[in-house]
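Sequential numbering from 1 along the given sequence is applied to the chain's residues.
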Amino acid sequence: MIHAANTQSSLDLGLIGNGAIAALVDARGRIVWGCVPAFDGDPIFCALLSPRLHEGGDYAIELEDMVSSEQEYLANTAVLRTVLRDGHGGVVEITDFAPRWQQHDRFYRPVMLLRRVRPIEGLPRIRVVLRPLSEYGASKPEITWGSNHIRYLVPGFILRLTSDVPVRMVREGLPFLLNRELHLVLGPDETLTQPVSSFVRQSEEKTIGYWREWVRNLSIPLEWQDPVIRSAITLKLSQYDETGAIVAAITTSIPEAANTVRNWDYRFCWLRDSAFVVRALNRLGATRTMEEYLRYVANVASAEGVLQPLYGIGFEKELAEEEVSSLAGYRGMGPVRRGNLAWLQQQHDVYGSVVLAATQLFFDQRLLRGDAAIFSRVEPLGERAYALHVQPDAGLWEFRGRAEVHTYSSVMCWAACDRLAKIAVHLKLPDRVKHWRNRADEMHARIIEHAYNEELGHFVEALDGNRLDASLLLLADLGFVKPDDPRFVRTVEAIGLGLKRGDALFRYVAPDDFGSPETSFTICTFWYIDALATIGRQEEARSLFERILKRRNPLGLLSEDLEFGEGEGWGNFPQTYSHVGLINAAMRLSRPWQDAT
């Protein structure tokens with residue numbers, strides 16, 4: 001639970017959403033980030049990134065003389081409750097959510113944010129402050145109004161606020177005594193067909209029901225259930241239902257460390273990150289995400305199996321990167337970027353990522369089973385993987401200034417061919433078994449020869465290289481080596497010595513295009529925890545996992561990076577990678593359910 005006191009921007013934020021829209025709410029109940037009409041759209045709420053030209057970019061319920069706030073999610077939901085307290089005994093409750101439930105054989109998930117505000121104690125006075133901006137904070141939308149609504153003419157998407165708050169109170173930001181429950185619906189320019197109060201209350205009830213039913217169907221571990229459930233809901237909220245794309249994070253340009261230029265736009269679908277999300281949710285039994293993601297991949301892959309590292313959530317291939325001058329940045333730390341040049345890079349691990357994500361389709365009897373026809377559509381990815389497995393690329397860390405034959409990329413190319421061989425066995429296709437097994441074995445021998453440094457006694461970042469890289473921690477999980485292989489054990493030990501600082505890990509320490517890394521990369525710390533357990537250091541892994549869980553923000557969410565000292569979160573937020581790492585580590589470390597019976 002958050003107890004807020006200061007107004008400096010921080011990542012102590014809550015995420016609300018419904019698969020069509022997402023927004024971030026600060027500890028005072030102020031919406032400070034949110035894009036329309038989708039995750040990658042214009043951030044009408046951009047206060048998190050400090051608009052230069054206009055005040056606003058936020059949506060607040062301001063309590064006069066506020067002295068403290070508390071915040072929590074309703075259990076097992078994406079519904080956020082904020083309680084504000086003033087210095088005179090007044091208490092206000094704000095409930096925030098985006099509606100989602102099943103209706104007419106589909107999901108109702110409009111581009112809409114709902115708020116319910118009610119007095120709890122005393123005589124609180126509030127202001128409703130709704131100040132959307134447009135064109136990345138560069139302009140203020142024109143406003144029109146009627147008797148019970150206000151329209152904000154955002155280019156390309158007109159917003160309508162329908163409310164039982166008097167229109168003038170909102171339009172002019174006038175303070176008033178809160179003596180009854182209020183309801184606010186911000187969404188498309190459409191007329192509600194029922195009273196706003198009943199619409200909000202019924203929507204809240206149905207949305208709570210949807211999320212609790214979704215959570216009820218998860219196969220969660222015995223231990224650390226709350227962190228796993230919160231992470232699973234966060235991953236679910238990061239999938240754009242229209243296409244099946246999964247964004248790496250909801251935000252753009254939260255710096256990886258204070259005053260760095262490592263500020264990137266993560267509101268796109270990285271096939272690698274998304275595959276990690278799919279595999280984590282598969283472990284929890286939430287397989288619909290995988291099916292929707294594979295639908296997305298089918299729409300972006302060429303007939304020859306050629307894949308970019310990332311695409312837009314609407315299948316866009318070109319994601320031109322530019323700096324946005326109208327936003328000063330998180331805590332004024334620019335630049336703010338829109339688009340991401342990584343779409344131009346070669347990242348060969350993407351082929352293995354997609355094949356691994358698809359593999360369960362052929363083995364899981366709960367799903368519409370993969371057959372020989374689907375297998376033939378996946379095979380071109382294996383051919384690309386084979387052709388590229390010893391070719392230089394930018395690697396999973398997306399180096400902009402150098403290309404090498406990265407071990408992780410090569411191993412993921414091997415994984416593509418290895419899994420195709422296993423699928424062919426399952427489908428009883430002996431010719432294809434022979435084809436893919438021969439290729440996988442050939443690749444494995446070549447990678448082992450060049451990725452293992454005999455002199456150093458451990459695997460290295462690039463073939464015939466000498467540096468360490470945290471992605472080497474995944475070699476056993478991918479099946480490339482056995483967990484008890486002395487070469488892997490020594491690699492884990494070397495990474496603990498070379499990349500670990502305190503309780504967290506760098507992804508690498510060698511200087512890159514932007515200098516030396518300054519903060520830990522959260523998923524790498526979880527990879528290390530997982531690897532420790534794999535090689536038998538279970539108690540050490542459990543202890544470290546418990547300490548890292550304490551670094552989550554007060555609502556249980558994680559950004560991309562953590563500061564080594566105080567553990568402050570940096571980087572885009574919430575980061576799907578980080579929550580994947582948490583889920584996988586919890587599943588690995590938890591005691592079995594038999595211990596509870």
Side-chain angles (χ1 to χ4, degrees), residues 1-16 23-34 44-51 54-74 78-98 113-133 150 161 163-186 197 200 204 330-332 552-557 568-569 573:
M1 184 173 289
I2 296 176
H3 298 275
N6 64 61
T7 58
Q8 184 185 33
S9 290
S10 82
L11 297 183
D12 284 349
L13 303 169
L15 171 67
I16 57 173
L24 298 176
V25 186
D26 75 8
R28 295 169 173 243
R30 185 172 66 126
I31 296 176
V32 295
W33 182 260
I44 57 168
F45 301 124
C46 55
L48 184 65
L49 296 185
S50 313
H54 305 282
E55 289 188 351
D58 59 356
Y59 180 11
I61 309 297
E62 292 184 351
L63 175 63
E64 280 191 359
D65 300 320
M66 193 194 91
V67 295
S68 68
S69 70
E70 303 163 9
Q71 199 170 50
E72 63 184 355
Y73 282 106
L74 300 190
V79 178
L80 187 63
R81 176 179 179 267
T82 306
V83 175
L84 309 179
R85 301 178 186 275
D86 67 23
H88 317 290
V91 182
V92 174
E93 178 191 72
I94 308 166
T95 302
D96 283 309
F97 63 99
L113 299 174
L114 276 59
R115 314 196 86 167
R116 184 168 60 83
V117 184
R118 69 186 184 104
I120 303 296
E121 294 178 16
L123 300 171
R125 289 176 60 83
I126 67 167
R127 286 199 314 148
V128 177
V129 179
L130 178 51
R131 303 181 294 182
L133 298 176
I150 304 175
L161 176 73
S163 173
D164 47 14
V165 180
V167 166
R168 186 169 182 178
M169 299 296 187
V170 180
R171 201 176 73 236
E172 299 183 14
L174 300 176
F176 60 93
L177 178 69
L178 180 65
N179 57 6
R180 61 185 175 88
E181 183 171 287
L182 300 176
H183 311 84
L184 302 99
V185 176
L186 182 66
S197 58
V200 171
E204 182 178 344
Y330 179 73
R331 299 184 186 172
R552 295 173 300 144
N553 84 359
L555 288 168
L557 304 184
E568 182 179 8
F573 177 92

Residues forming a side chain to side chain donor-acceptor pair (under 3.5 Å) with [X], sequence neighbours excluded:
{"X": "D58", "value": "R30, R131"}
{"X": "R171", "value": "none"}
{"X": "E62", "value": "R127"}
{"X": "E181", "value": "R116, H183"}

Close side-chain approach of [X] to [Y], heavy-atom, < 4.5 Å:
{"X": "L184", "Y": "L114", "answer": "no"}
{"X": "V165", "Y": "V170", "answer": "yes"}
{"X": "L113", "Y": "D96", "answer": "no"}
{"X": "V128", "Y": "R115", "answer": "no"}
{"X": "C46", "Y": "W33", "answer": "yes"}

Closest approach of [X] to [Y] (non-hydrogen atoms, all atoms of both residues):
{"X": "P554", "Y": "D12", "answer": "CD-OD1, 3.1 Å"}
{"X": "R28", "Y": "I94", "answer": "O-CD1, 4.4 Å"}
{"X": "A27", "Y": "T82", "answer": "O-CG2, 3.7 Å"}
{"X": "A23", "Y": "I31", "answer": "CB-CG2, 4.0 Å"}
{"X": "L80", "Y": "E72", "answer": "CD1-O, 3.6 Å"}
{"X": "P51", "Y": "G56", "answer": "CG-O, 3.9 Å"}

Legend entry - Verdict with supporting geometry, V32 and L13, side chain to side chain contact (heavy atoms under 4.5 Å, CB included): CA-CA 9 Å; V32 295; L13 303 169; 4.0 Å; yes
Legend entry - Any residue meeting ring pair (Phe, Tyr, Trp, His ring centres under 6.0 Å) with F97, in chain and number order, not counting sequence neighbours: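 Result, ring pair (Phe, Tyr, Trp, His ring centres under 6.0 Å) vs F97: none returned.
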Closer than 3.5 angstrom, by distance alone: can the side chain of [X] be matched with the main-chain N or O of [Y] as a donor-acceptor pair?
{"X": "Y59", "Y": "V25", "answer": "no"}
{"X": "E70", "Y": "R85", "answer": "no"}
{"X": "D65", "Y": "G87", "answer": "no"}
{"X": "R81", "Y": "L74", "answer": "no"}

Legend entry - Derivation of the side chain to side chain contact (heavy atoms under 4.5 Å, CB included) call for N553 and F573: CA-CA 11 Å; N553 84 359; F573 177 92; 3.5 Å; yes
Inset, instruction - Let me see the working for E568 and R331 under salt bridge (charged side-chain N to carboxylate O under 4.0 Å, His left out), right down to the final yes or no. - result: CA-CA 14 Å; E568 182 179 8; R331 299 184 186 172; 2.6 Å; yes
How many angstroms lie between atom [atom1] of [X] and atom [atom2] of [Y], to the nearest 0.5 angstrom?
{"X": "I126", "Y": "L182", "atom1": "CD1", "atom2": "CG", "value": "5.5 Å"}
{"X": "E64", "Y": "L84", "atom1": "CD", "atom2": "CG", "value": "12.5 Å"}
{"X": "N179", "Y": "R125", "atom1": "CG", "atom2": "CZ", "value": "11.0 Å"}
{"X": "D26", "Y": "S10", "atom1": "CG", "atom2": "OG", "value": "7.5 Å"}
{"X": "L130", "Y": "F45", "atom1": "CG", "atom2": "CZ", "value": "5.5 Å"}

Inset, instruction - Could you pull out all residues at least two apart from L123 that satisfy side chain to side chain contact (heavy atoms under 4.5 Å, CB included)? - result: L177
Inset, instruction - Report the C-alpha separation of D86 and L63 in whole Å, then their side-chain angles, then the decisive distance to 0.1 Å, and conclude whether the side chain to side chain contact (heavy atoms under 4.5 Å, CB included) test is met. - result: CA-CA 7 Å; D86 67 23; L63 175 63; 3.8 Å; yes
